[in-house]
Structure formats: C-alpha cells, structure tokens
Trainee: 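I'd like to ask some things about the structure below.
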Amino acid sequence: MTPVRAVEGKAIPFGRANVDTDIIIPAKWLKTISREGLGRGAFETVRAEPGNVFDDPAYVGAPILIAGENFGCGSSREHAAWALADLGIKAVIAPSYSDIFSGNAFKNGLLAIELPRAAIDRLMEVAKTDPISIDLEHQTVTTRFQDRFTFEIDPFRKHCLLNGLDEVGLTLAMEKQIAGFEAKREPETPWL
Amino acid sequence: MTSGPRTLYEKIWDAHVVERREDGTCLVYIDRHLVHEVTSPQAFEALRMSGRKVRRPDLTLAVPDHNLPTTARLDAQGRRLPIADPESAQQLAVLERNAPAFGIRYIGPTDAEQGIVHVVGPEQGFTLPGATLVCGDSHTAAHGALGALAFGIGTSEVEHVLATQTLLLKQSKSMNIRVEGELGFGVTPKDLILHIIGRIGAAGGTGYVIEYSGSTFRDMSVEGRLTVSNMSIEAGARAGLIAPDDKTFDYLKGRPMAPKGADWDKAVAYWRTLPSDPGASFDAIVEIDAASVAPTVTWGTSPEDVVPILGEVPDPDSFAEQAKRDAARKSLDYMGLTPGQKLREVGVENIFIGSCTNSRIEDLRAAAAVLKGRKRATNVKQALVVPGSGLVKRQAEAEGLDRIFIEAGFEWREPGCSACLGMNPDKVPAGERCASTSNRNFVGRQGPGARTHLVSPAMAAAAAVTGKLTDVRELMR
Ligand code: SF4
C-alpha cells in the first residue's frame, strides 16, 4: 500500500445522509473480478440527476468528498471503496460511517474522517469556493480561512496509513501466536 | 477480558482473542468463513499475487449465490446450462477455479445443497453457537440467531481471513433489545424486526452488537430468529445475537457439518455456558412489548421508514430533523407516494418472496397458506418465489407448496439471491412497485428505479392476491 500523509484539494459538497453502498456503486457493477475501473459506475443514480455535484465542472478531479451521517451503510461491498478511489477520491469527511465501510476504506488507503455536524456544515460552505487540507500526522482538517478541526483516528490505523503497511503481512508475522492459539484450543473445542 | 458477569458477546469475544494490543485492538480467531462469487475474486487474486495460501481451507466453505441466475440450471438431459451474461459466467468460473486451487470445499450451482450462503450455513450445521463466523456479505449477521458471533466483511478482510484465519478488530459496544410477550395474530418475526429498525433507526445500532432477548425470542423458532438477526445490519449493528437454547440444539442436531457423538455432547455442554450471565451489563437497552407490533411495511428508501399496514405515508414535515425531512421528501418522490396516502391502497406490480431474510421453509409455508386456492391479481405482472436453498426447495416440493405457488400464478425458481439485489436477471422494472420479503428498500436495490416495500412472506402473498399492499389478517380470518 502507498503511504498516506496528507490530502489537499477541492472537496465535493455532496452532504447527503445515509448514503448506502448501493448508491456509491450499484449492483450491476459488481460482476467484475478486478478492483479497477469502477469509477465509471460510481454514484450512477445520483449522476442521472440534472445538476448533480459529481458532474459539476467545479469539482472534477476533487480528491475529497463531504457527506452526511452514516456514510457507506448497507452492503459490505468493498467495491464502494474501490469506486471512490477510482474516481480519484482520497478522503471522505462525514459525521459518521458504517463500521464495514470505514474498515474497507482504511484497507484501501482511503481516509474516512469523522467530524461533528457543525464542522461538516462549515466545510460544505468552504468547499463551494476553496480547497480543504487534511493532515493525517497531526489529525487536522484546515482551510485557508483559519478553520481548524481535529479528528480522531485509531492509532494502529494511522500507523499503517502513514507507513503504507500491509495488514495481511503484519498478521502473518504473528504465526507463532496464531498456531499457539489453535493448539491450545483444539482439545477444548474439538468440534470447531 | 471482562471480569464479573459477562454477556454472550463478551464470552464469545474473550474465547477468540489471539492477542490483545495496548490500544484495545484484538487479533480475533475466525472459526468459520463463507465465501461467495461476488466479493472473493479480488481476495484470491491478491493471495496469488503475494504467493500466499489459505491457512485453514477446512474452515472455509464456498457457495455461489449472488449472481447466479435462478432459472433452470440443467437441460432435459441433465447437462449444465451455460450462463448467458458473460461477466456473470466469468465470476462463477473464477470461484469454481479458486475453490479447488486453494483446497476449499465448494457447493456448486447444481448441487442439492446450493443456496444463499446465509441459508446454507445454518442448514448444513456449518454455523455453530459460540463460533466466530464471517462472510463478505453484510447479512452475515443472520447466523447470530444460533448464538454465533457473525458479521459481514469487505474483500480485503476476506483476504486477511483466508491468509491468517484471523481479523484485527475492536470490541463493539453492546445493546440489548428485550421483547416480551406474544406476537399478535398475523404478526411475524419480519414485522418485529422492521418495527425494531423503525424504533432505533437505520444507524441506531452503529458501533454495537445487538443481543435480542426476552420471551418473544425464546418462543420464536430458529428460522424466525434468523430473520430477525439477519436484519441487525439494517439498524447499523455489526452483528445480532440470540442466546443458544434447546431449540437451537434441536435445530442443529444431525446436520451434516454439526459435531457428532461425544463431540456433540461436549459441544452442547459448552453452548449451555454461553448465555449472558444474570447481571451482565449492556451499553444500551431497548424494551419493546411484542403486542404493540402490527404487520409492518416500509414506505421509503431506508429500512427505518416503516409504518403499520393500516397506517399512512408520513408527511416529511412531521420529522424533527431537517436531514430526515429532506430524505423523506426525496424518498417519497422516488417511491411515487404522497403524504397521507393509505399504505393499503398502494398497488403493486411485482411480488418477490425470497432472500436470506425470508426464504426458508417456514417462510414459504406462511406465504403458501395465504395463497392456497387463490390467484394473483391481474395487475401483478411478476411474482417470484426463490427458495433459499436446494434443500428448502425440495422440502417445499415434498409438501406440495410449489403447486400452490404455481397455481396462484407464481414462478418457482432455483435458489439464489435473485431480486434481493438485482444483480442477476431477476429485477423489478423501473418505476414499478414490489412487495418484497428481502431486507433492503434502497434506491435502485432491486433494479434501477425499482420501488421496494419490505414485508413479511404472508404479507407479500396477500399483496399478490389483492394486487396492492394488504393487511394479511383480512385474508387469514
Ligand atoms: S439474499 Fe440479498 S441480502 Fe441475502 S446474501 Fe443475497 S444479496 Fe445479500
């Protein structure tokens, strides 16, 4: 995985709450056996609406997406994270996420940043005209108008993101502990 | 490890921690892994690229379901029929290659045991109380009905489990939903879970594992419990749990992958220690009186948008929050409904009985009981029954349920996810309405522009007969 330190640029002021992963990437796009190219199907139903933010030339290529509560709810499809990445989005800012989505995002080096409602409202305003900066190291979201919001992130996730660590590789290095667990448990619960 | 009285969730969690980090993240051992064709290709590919193996193929079971067409799979000579859509065919072919290549047990499209992963797991005894179980599908929560800690994962996690048989997780908060009393006449587990989601909201369970307890669940069949736990994710919860009891053990006994002989006795003795201890504490408690639940239907595009069947479409302005008012307006626009409209006057052109929520034998029996001797209304253009597995299908045929459905004007299909997610050819046409026993009424879920009303199997059958959303109790008297 490539290390992630900061994301800077225009933000798409989407703002919608309860954006489910069927909206992010409809089922017909899930027939792929690859992680690439899903940006074409991203937000397909939203993009069918005239005047939608995704096709607004002001936000083309924006690396940040701002959304409402419970972003990424519904289906566990990681295709949602792949589709966002394929669109060029490197960070989402929202008041809350579904557990599965935030995990999927993290594993693809996509930041899922949680900020309170008031901060989201403010950033939605700023996004209309100006870029937004996210600094993972210092856990801040800033604008050129002196706004400065700090966010929480799991320290382990932060460490992996900053250093581009592969989680499977890290866990495989714990083979001794895993084998030890299996050996200890086998006689206790042989049916498992 | 929690000291003092522990919840069911805490007991399962504690028994599976391989290693605990300082920040509270745990490496958790996974006992069972279900794999299907849609969320696994990229995971197997990643293993291949890094030269990694599947650590415990014996704990992994692969079954295609999501994308598999539900039309006949064999021709008159018993030869396998090709899948028309080349992308779907390829996805299935990739699973059929990956499973043997990595040594994983595979149940194929023409095997009698094939079906929706969440129907097959319990049915085969692959799902066991006290086990941790994962699958690349959010409705994995269903398996919690048997007292397994079960949750959906993304493809990177599928890869992680295949390679290491573990996951890195943080313990969730715990919520106890207590329901006491008897469900009323014509009220089913599906109505109860829709009612619960309406009560706590589509994000009400986010960050929690829900334990369902109380006399209503104790008296409920294992199949009903599966329906309830299945939809935990629609309330945002990672998992649902119901304490294993004699009903659970009776259900599992003799299933092909369940423990046998001395192991069985040992397992049951262990399973009896799992229920939450008296005095165990939860982070949140919700109490519901079963008698207050009516046959329930959704009006909007979130599973929290529920009303009793005798109710009306709400006025968006009646919601307290601005965001919800906006969402409700959008929903009504999409659904083609107006505030104040009576739900039981809403016509439907499509009926879907199926999905991992409601495709087990009890569900088909409940629908058939309503349909017996009746016909679908003339405005109903498509009525599908898609059994959850080949075994459910055979059982239903042995009981003559297929005849009842076919005579009522339904199509009797092969097992799979079907119109639940509209990925294979089974879809609801744009602008048309569907009374569906599935679990998601999201925009476009059953096909672009499809308008979904979530209901119980009996309510779906009633809608088929009258051609509109209907209070099934009227047809049951
Ligand atoms: S039936 Fe629907 S919800 Fe269940 S596993 Fe299939 S797609 Fe998912």
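So that the names make sense, note that chain A is the first sequence line, chain B the second, and so on, each numbered from 1.
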Trainee: Are there over 12 heavy-atom neighbours, none belonging to B:Lys253, within less than 6.0 Å of that residue's NZ?
Mentor: no

Trainee: Heavy-atom cut-off 4.5 Å, strictly under: side chain, backbone, both or neither for B:Ser302 against chain A?
Mentor: neither

Trainee: For B:Glu19, which atoms come within 4.5 Å of any heavy atom of chain A: side chain, backbone, both, or neither?
Mentor: side chain

Trainee: Could you tell me which of B:Leu59, B:Asn424, B:Asp85 has the largest number of non-hydrogen atom pairs under 4.5 Å with chain A?
Mentor: B:Asp85

Trainee: For chain A, which candidate among B:Glu234, B:Lys170, B:Gln165, B:His139 shows the most heavy-atom pairs at distances under 4.5 Å?
Mentor: B:Lys170

Trainee: Is it the backbone or the side chain of B:Val17 that comes under 4.5 Å from a heavy atom of chain A, or both, or neither?
Mentor: backbone

Trainee: Under 6.0 Å from the CD atom of B:Glu22, do we count more than 12 heavy atoms belonging to anything else shown?
Mentor: no

Trainee: Looking at B:Gly422, B:Ala131, B:Ser156, B:Ala203, which makes the most heavy-atom pairs under 4.5 Å with chain A?
Mentor: B:Ser156

Trainee: Could you grab the distance from atom CZ of A:Arg157 to atom OG1 of B:Thr25, nearest 0.5 Å is fine?
Mentor: 8.5 Å

Trainee: Run the salt bridge (Lys or Arg N to Asp or Glu O under 4.0 Å) check on B:Arg56 and A:Glu182 step by step: do they pass?
Mentor: CA-CA 11 Å; B:Arg56 294 291 302 268; A:Glu182 284 174 335; 3.1 Å; yes

Trainee: Look at A:Ile100, A:Leu192, A:Leu172 and state which one has the largest set of heavy-atom pairs under 4.5 Å with chain B.
Mentor: A:Leu192

Trainee: Is A:Ala105 close to chain B through its backbone or its side chain, or both, or neither, when contacts mean heavy atoms under 4.5 Å?
Mentor: neither

Trainee: Of the backbone (N, CA, C, O) and the side chain (C-beta and beyond), which part of B:Ala327 lies under 4.5 Å from a heavy atom of chain A, both, or neither?
Mentor: neither

Trainee: Mind ranking B:Arg440, B:Gln42, B:His160, B:Arg21 by heavy-atom pairs under 4.5 Å with chain A and telling me who comes out on top?
Mentor: B:Gln42

Trainee: Decide, yes or no, whether a salt bridge links B:Asp31 with A:Arg185 under the criterion of side-chain N to carboxylate O below 4.0 Å.
Mentor: yes

Trainee: Quick check on B:Val18 against chain A: is it the side chain, the backbone, both or neither that has a heavy atom closer than 4.5 Å?
Mentor: both

Trainee: Is B:His66 close to chain A through its backbone or its side chain, or both, or neither, when contacts mean heavy atoms under 4.5 Å?
Mentor: neither

Trainee: Compare every heavy atom of B:Gly154 with every heavy atom of A:Asn104, then report the nearest pair and how far apart it is.
Mentor: OD1-CA, 3.1 Å

Trainee: More than 12 foreign heavy atoms under 6.0 Å from CZ of A:Arg148: is that the case here?
Mentor: no

Trainee: Can you tell me how far the OH atom of B:Tyr334 sits from the OG1 atom of A:Thr45, to the nearest 0.5 Å?
Mentor: 8.0 Å

Trainee: With chain B, which of A:Glu175, A:Lys28, A:Arg77 has the greatest number of heavy-atom pairs at distances under 4.5 Å?
Mentor: A:Glu175

Trainee: Do you know which two heavy atoms are closest between B:Lys266 and A:Pro187, and how far apart they sit?
Mentor: NZ-O, 2.8 Å

Trainee: Can you name the nearest heavy-atom pair linking B:Ala202 to A:Asn70, along with the distance?
Mentor: O-ND2, 3.9 Å

Trainee: Can you find a heavy atom in the side chain of B:Asp326 that is under 4.5 Å from one in the side chain of A:Arg16?
Mentor: no

Trainee: Can you tell me which of B:Arg55, B:Glu37, B:Arg32 forms the most heavy-atom pairs within a distance under 4.5 Å of chain A?
Mentor: B:Arg55

Trainee: Taking all atoms of both residues into account, what is the closest heavy-atom pair of A:Ala27 and B:Met423, and its distance?
Mentor: O-CG, 3.7 Å

Trainee: For B:Ala258, is it the side chain, the backbone, both, or neither that has a heavy atom closer than 4.5 Å to a heavy atom of chain A?
Mentor: neither

Trainee: Counting only heavy atoms not in B:Gln322, do more than 12 fall under 6.0 Å of its CD?
Mentor: yes

Trainee: Which one, A:Gly74, A:Ala48, A:Gly68, leads in non-hydrogen pairs under 4.5 Å with chain B?
Mentor: A:Gly74

Trainee: Examine whether an atom of A:Thr21 lies under 4.5 Å from a heavy atom of chain B, and if so say whether it belongs to the side chain, the backbone or both; otherwise answer neither.
Mentor: neither

Trainee: Quick one: CG on B:Leu27 to CD1 on A:Ile178, what's the gap to the nearest 0.5 Å?
Mentor: 5.5 Å

Trainee: Shorter than 4.5 Å, heavy atoms on both sides: which option in B:Arg238, B:Gln91, B:Glu87 has the most such pairs with chain A?
Mentor: B:Gln91

Trainee: Given a strict heavy-atom distance threshold of 4.5 Å, which part of A:Trp82 is in contact with chain B: side chain, backbone, both, or neither?
Mentor: side chain

Trainee: Hey, could you give me the CD1/CZ distance between A:Ile33 and B:Phe44, rounded to the nearest 0.5 Å?
Mentor: 13.0 Å

Trainee: Under 4.0 Å between a Lys/Arg side-chain N and an Asp/Glu carboxylate O for B:Arg445 and A:Asp22?
Mentor: yes

Trainee: Hey, what do you get for CG (A:Asp99) to CD1 (B:Ile153), rounding to the nearest 0.5 Å?
Mentor: 14.0 Å

Trainee: If we ignore angles and hydrogens, is there a donor and acceptor under 3.5 Å between the side chains of B:Thr39 and A:Glu78?
Mentor: no

Trainee: Check B:Ser138 against A:Ser76 and note the closest heavy-atom contact, atom names and distance.
Mentor: N-OG, 3.4 Å

Trainee: What's the spacing between A:Ser75 OG and B:Ile233 CD1 if we round to 0.5 Å?
Mentor: 9.0 Å

Trainee: Measure distances from B:Asp23 to the heavy atoms of chain A and classify the residue's part below 4.5 Å as side chain, backbone, both or neither.
Mentor: side chain

Trainee: If you count heavy atoms of other groups shown closer than 6.0 angstrom to CZ of A:Arg40, is the number above 12?
Mentor: no

Trainee: With only heavy atoms counted, which part of B:Lys260 is less than 4.5 Å from chain A, the side chain, the backbone, both or neither?
Mentor: neither

Trainee: side-chain contact (heavy atoms from CB on, under 4.5 Å) for A:Arg35 and B:Glu45? Distances and angles first, verdict last.
Mentor: CA-CA 10 Å; A:Arg35 291 172 145 98; B:Glu45 192 49 31; 6.0 Å; no

Trainee: In terms of heavy-atom proximity below 4.5 Å to chain B, should A:Tyr97 be classed as side chain, backbone, both, or neither?
Mentor: backbone

Trainee: For B:Arg52 and A:Asp166: C-alpha separation, side-chain torsions, deciding distance, then whether salt bridge (Lys or Arg N to Asp or Glu O under 4.0 Å) applies.
Mentor: CA-CA 13 Å; B:Arg52 289 167 180 158; A:Asp166 158 23; 3.2 Å; yes

Trainee: Assess whether atom CD of A:Glu152 is packed by more than 12 heavy atoms of other residues, nucleotides or ligands within 6.0 Å.
Mentor: no

Trainee: Could you check whether the rings of B:Tyr270 and A:Trp191 sit parallel, tilted or perpendicular, using 30° and 60° as the cut-offs?
Mentor: tilted

